[in-house]
Protein chains: 2
Amino acid sequence: MRRDNTETRILETAGHVFAETGFQAAKVRDICARAGVNLAAVNYHFGDKLGLYKEVLRYACCAAGNAATFDPALPGRTPESKLRGFVRKLLQQIYGEDRPAWPVRLMTHELAQPTPAFDGVVDQVMRPKHDAIRNLVAGVIGRPADDRQTRLCAQSVMGQIIVYAHGREVLKRLWPDLQFTPETLDEIADHIAAFSCAGLKSLGRRNAAGKRKEKKLTAR
Amino acid sequence: MRRDNTETRILETAGHVFAETGFQAAKVRDICARAGVNLAAVNYHFGDKLGLYKEVLRYACCAAGNAATFDPALPGRTPESKLRGFVRKLLQQIYGEDRPAWPVRLMTHELAQPTPAFDGVVDQVMRPKHDAIRNLVAGVIGRPADDRQTRLCAQSVMGQIIVYAHGREVLKRLWPDLQFTPETLDEIADHIAAFSCAGLKSLGRRNAAGKRKEKKLTAR
DNA sequence: GACTGATTCAAACCGATGTTTTAAAATACT
DNA sequence: AGTATTTTAAAACATCGGTTTGAATCAGTC
């Protein structure tokens, strides 16, 4: 069988096209032309444009080395250094040149214009990362992972990262001098990690202080 | 003239539709139907779908009380309290029910699928907010507004906010229990402000320490 | 009340695009 | 070889959606 050939060629091309333009705006004719296959091939193999899209999502998520990203066994001993490693990895995944910026760009489009595959995308792309961050954060501030404050902190960390993903084009205009070299990426990752750790520890201290205060209040 | 009537009705309806579905996916027929005007009205009054869109942008940005948001004379004396006020205002703008979530949602769509109006949107919607945050941040860490570190910090603050705008649908799934009451909004704003101020002050301290270290090194 | 210009309307136009169809050719499997 | 599965090619189909058109209506003016 060389269904291998045609099918995967479509999948990979479609991945690029969908990532560039989103599901709606992507044209089946364009995909087929770029993949060098016949127009009817999409319907033959995937039944549907949406069918192709869903398959692309699964293909992209599995093939894109995503799994490695939320490996709990990240290098570094302290929660802080783990956090830093995680942030850097995510940033590299976002800004890696040849690396598949696929899933991220697909996410951007899904956020603006959810397709029926949205829930699947959230589960496969976002949730693992969100959970990983929550666990890391929980480690730093010493609270359970499903705690309200932990979640707020996770949002804070996540936000700092994805602003570089979703705000890419905006950033180009608001800060045109910024070049994205590997060193810059490290610099940004370090900044986010330092910024976040400071915020986290401060909240930890505040919690402790709050508890002391409560004791005082109830004691008097 | 009752161009008033038809034209503004189209503008307001179009604002909603564009915000919901983005420029590409928005249908002129849909807009006209909802506005209760004839199909040809759009072309007659605005020449073009894109012409309508650009007009909507101007209309939305001017009418939506956006200007108040980046008012430099924010309440609060310290930079910290100003920052907190700013964050809260932005969040309210994002999650206000009847308030125009317009510009924000339009931004989301522009990010995923830029139209020829993208530069204008950035200038009118994003840049003022970004500049305001940069100034606030600069005030907290005591560095110039166009400093590299200031910009990184501004990104950090901005990211924490817009994750609630762009990640809205994701958040619904990742944290379904979260209700968006006004109190919750305040809570989130307080969290972001506290988190950010801690990060900012820590960087300020680190800068000072770095300078001391440099002196030591050059001295020896 | 007739003229003029602006506005509105219904209908048609037309290109783009997802999908299907038909037949033939190429390939893989037994 | 023979059969089933893929692939190609070209065309047609159907629908959607932006745009255009030409007639009808309305508002203001002489």
Side-chain angles (χ1 to χ4, degrees), chain A residues 1-60 106 109-110 112-118, chain B residues 1-60 106 109-110 112-118:
Chain A
M1 283 201 238
R2 79 165 201 285
R3 54 169 278 174
D4 234 34
N5 218 333
T6 303
E7 219 165 289
T8 62
R9 207 144 28 117
I10 293 179
L11 278 176
E12 278 172 13
T13 312
H16 285 115
V17 176
F18 283 137
E20 278 171 28
T21 67
F23 174 73
Q24 302 239 27
K27 297 169 232 177
V28 175
R29 280 178 166 83
D30 185 25
I31 294 172
C32 290
R34 283 212 233 172
V37 305
N38 188 271
L39 174 60
V42 163
N43 297 76
Y44 179 78
H45 286 287
F46 306 95
D48 217 342
K49 187 185 175 185
L50 184 62
L52 168 61
Y53 183 67
K54 284 181 178 167
E55 212 57 43
V56 164
L57 287 182
R58 220 176 334 170
Y59 181 77
L106 286 177
H109 284 112
E110 282 290 338
Q113 196 86 64
T115 70
F118 184 61
Chain B
M1 284 201 238
R2 75 173 201 280
R3 55 169 276 176
D4 234 35
N5 217 335
T6 304
E7 219 165 287
T8 63
R9 207 144 28 117
I10 293 179
L11 276 176
E12 277 171 15
T13 313
H16 285 115
V17 176
F18 282 137
E20 277 172 28
T21 66
F23 174 73
Q24 302 239 27
K27 296 169 231 178
V28 175
R29 280 178 165 83
D30 186 25
I31 294 172
C32 290
R34 283 211 233 173
V37 305
N38 188 270
L39 174 59
V42 163
N43 298 78
Y44 178 77
H45 286 285
F46 305 95
D48 217 343
K49 186 185 176 186
L50 184 61
L52 168 61
Y53 184 66
K54 285 181 178 168
E55 212 56 44
V56 164
L57 287 183
R58 217 173 340 166
Y59 182 78
L106 285 177
H109 285 111
E110 282 290 339
Q113 194 86 63
T115 71
F118 184 60

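Proteins come first, then strands; the chains are lettered A, B, ... in the order of their sequence lines, and each starts at number 1. Since we're looking at a predicted model, the values are computed, not measured.
Residues forming a ring pair (Phe, Tyr, Trp, His ring centres under 6.0 Å) with F46(A) (at least two apart in sequence, or on another chain): none. Evaluation of the side chain to side chain contact (heavy atoms under 4.5 Å, CB included) rule for D30(B) yields V17(B), K27(B), R34(B) as partners, not counting sequence neighbours.
In this structure, the separation between CD on E12(B) and CD1 on I10(B) is 11.5 Å, given to the nearest 0.5 Å.
With rounding to whole Å, N43(A) atom CG is found 11 Å from dT21(C) atom P. In this structure, I31(A) atom CD1 and dT19(C) atom P are separated by 11 Å, rounded to whole Å. Following rounding to the nearest Å, F46(B) (CZ) and dT7(C) (C1') show an atom-to-atom distance of 13 Å. Atom pair N5(B):CG and dT25(D):P shows a separation of 20 Å (rounding to whole Å applied). Distance CD1 (I10(A)) to C1' (dT8(D)): 12 Å, rounded to an integer number of Å. For the pair N38(A) CG and dA25(C) P, the computed distance is 15 Å after rounding to whole Å.
Contact annotation for V42(B): no contact, since no heavy-atom pair falls under 4.0 Å across all strands. Nucleic acid contact class of A41(B) (heavy atoms, under 4.0 Å, all strands): none.
Listed pair T6(B) / dT8(C) meets the phosphate criterion, a side-chain N or O lying under 4.0 Å from OP1 or OP2.
Proximity of P116(A) to L50(A): side-chain heavy atoms (C-beta onward) are separated by under 4.5 Å at one or more points. At least one side-chain heavy atom of L52(A) sits less than 4.5 Å from a side-chain heavy atom of F18(A).
Of the candidates dT19(D), dT6(D), dT21(C), dT6(D) carries the atom nearest the H45(A) side chain, counting heavy atoms from C-beta on.
In this pair, Y53(B) and F23(B) present their aromatic rings tilted. The plane angle is within the 30 to 60° band.
In terms of position along DNA chain D, the nucleotide closest to Y44(A) lies nearer the 5' end than the nucleotide closest to the other residue of the pair D30(B) and Y44(A).
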Any chance you could list the contact pattern along nucleotides 12-17 of chain C? Use B for base contacts, S for sugar-phosphate-only contacts and - for none, protein heavy atoms under 4.0 Å, 5' to 3'.
-> B----B
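E110(A) and T115(A) form a side-chain donor-acceptor contact under 3.5 Å, judged by distance and modelled atom types alone.
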